[in-house]
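To start, the structure under review is shown below, and the notes come after it.
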Amino acid sequence: MELETQSSKYTVDHSRINLEDKITSLFEPDTLLSAQYLDLHRKALLEPEKRLMLAVLEDAINCFQVNVMAQSGRGKKLFNESEDWIMGRDDDWIFSFVSVCELLRFSPEYVRRGLLRWKEKKLARNPTPHSRGKKIMAGYSLAANGHS
């Protein structure tokens, strides 16, 4: 109660302030804090379909990177499947690499080039008896499919 009586001692014409604030705000630049941007970005990705597509893309990239040195077994199979999906040109189905990237607003070619550069560096740092031939074949295969 005391607080209410103290605040009522000061009278302010709120309609005038609101009008002045509205007019002044027209000439101020819009500012967006990074936290606000991230909240907006997260909300856009909260759609279940986009979350699923992001999970598919993340899983494929993870399988590609974790298993790039695999020589046989499950790891090699996971790498081959993820590489085939990432490098595939079939974009007429909703969960193709191209469709997923485009719906998430990533450039499919940019992601591909980045993963290929990463793979080449990884193989160059950790050569295995079979990796040199595979590297040449991967380059040949990509060139044959229109990749550069």
Side-chain angles (χ1 to χ4, degrees), residues 3-4 6-7 12 14-148:
L3 195 57
E4 289 178 6
Q6 287 178 353
S7 66
V12 178
H14 292 286
S15 62
R16 184 173 181 204
I17 290 176
N18 288 338
L19 181 59
E20 287 175 7
D21 287 342
K22 288 178 183 177
I23 292 172
T24 304
S25 71
L26 291 173
F27 301 102
E28 293 176 358
D30 291 333
T31 56
L32 187 64
L33 299 174
S34 60
Q36 291 171 316
Y37 170 78
L38 291 174
D39 284 343
L40 289 173
H41 186 67
R42 279 188 215 115
K43 287 178 184 173
L45 285 178
L46 287 179
E47 299 171 37
E49 296 84 2
K50 286 186 179 180
R51 282 196 331 231
L52 177 60
M53 289 180 168
L54 183 59
V56 167
L57 181 62
E58 286 175 338
D59 184 57
I61 291 171
N62 185 53
C63 288
F64 182 89
Q65 291 183 326
V66 167
N67 299 298
V68 70
M69 302 302 292
Q71 296 298 310
S72 60
R74 184 171 187 263
K76 183 64 177 163
K77 182 179 180 193
L78 288 171
F79 174 77
N80 288 339
E81 287 176 356
S82 63
E83 186 177 45
D84 288 346
W85 183 72
I86 291 166
M87 298 304 156
R89 294 291 175 185
D90 184 18
D91 64 350
D92 62 345
W93 59 290
I94 191 74
F95 279 95
S96 70
F97 176 77
V98 172
S99 295
V100 167
C101 284
E102 288 176 350
L103 286 168
L104 294 172
R105 298 181 187 249
F106 296 130
S107 165
E109 288 306 314
Y110 182 80
V111 175
R112 279 185 183 131
R113 283 191 312 266
L115 287 170
L116 288 175
R117 276 194 307 269
W118 178 89
K119 177 185 171 186
E120 287 174 7
K121 287 179 185 178
K122 181 78 171 176
L123 292 175
R125 275 187 266 135
N126 302 316
T128 63
H130 304 289
S131 65
R132 289 193 177 138
K134 289 180 184 178
K135 194 165 139 180
I136 293 168
M137 289 303 293
Y140 173 77
S141 174
L142 291 174
N145 288 323
H147 298 283
S148 45

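What you see is a predicted model, and the numbers here were worked out from it, not measured in a lab. The figures that follow rest on heavy atoms only: side chains count, while hydrogens, waters and symmetry mates do not.
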Working note: Arg112 + Glu109, criterion salt bridge (Lys or Arg N to Asp or Glu O under 4.0 Å); need CA distance, chi angles, decisive distance, verdict. CA-CA 5 Å; Arg112 279 185 183 131; Glu109 288 306 314; 2.5 Å; yes
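- Side-chain atoms of Gln71 come within 3.5 Å of backbone atoms of Met69 as a donor-acceptor pair (strictly under, hydrogens ignored).
- The side chain to side chain contact (heavy atoms under 4.5 Å, CB included) test with Ile61 is passed by exactly one of Val56, Leu115, Val66: Leu115.
- Side-chain contact between Leu54 and Glu58: present, with at least one pair of heavy atoms (C-beta onward) separated by less than 4.5 Å.
- Taking CZ of Arg74 as the reference point, atom CZ of Phe79 lies at 15.5 Å (rounded to 0.5 Å).
- With Val68 as the fixed residue, the side chain to side chain contact (heavy atoms under 4.5 Å, CB included) test singles out one of Lys122, Glu83, Lys76: Lys122.
- Remark: the backbone N or O of Ser96 is not paired with any side-chain donor or acceptor of Ser99 at under 3.5 angstrom.
- Leu57 places a side-chain heavy atom less than 4.5 Å from the side chain of Phe97.
- Asn62 CG to Leu78 CG: the interatomic distance, rounded to the nearest 0.5 Å, is 9.5 Å.
- In terms of heavy-atom proximity, Pro108 sits nearest to Cys101 at CG-CB, 3.8 Å.
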For Ile86 and Val111: C-alpha separation, side-chain torsions, deciding distance, then whether side chain to side chain contact (heavy atoms under 4.5 Å, CB included) applies. CA-CA 9 Å; Ile86 291 166; Val111 175; 5.7 Å; no
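- Nearest heavy atoms, Leu104 versus Lys50: CD2-O, 3.8 Å.
- The two residues Asn67 and Gly75 have their closest heavy-atom pair at CB-O, 3.1 Å.
- Below 30°, between 30° and 60°, or above 60°: for Trp118 and Phe64 the angle between ring planes is between 30° and 60°, a tilted geometry.
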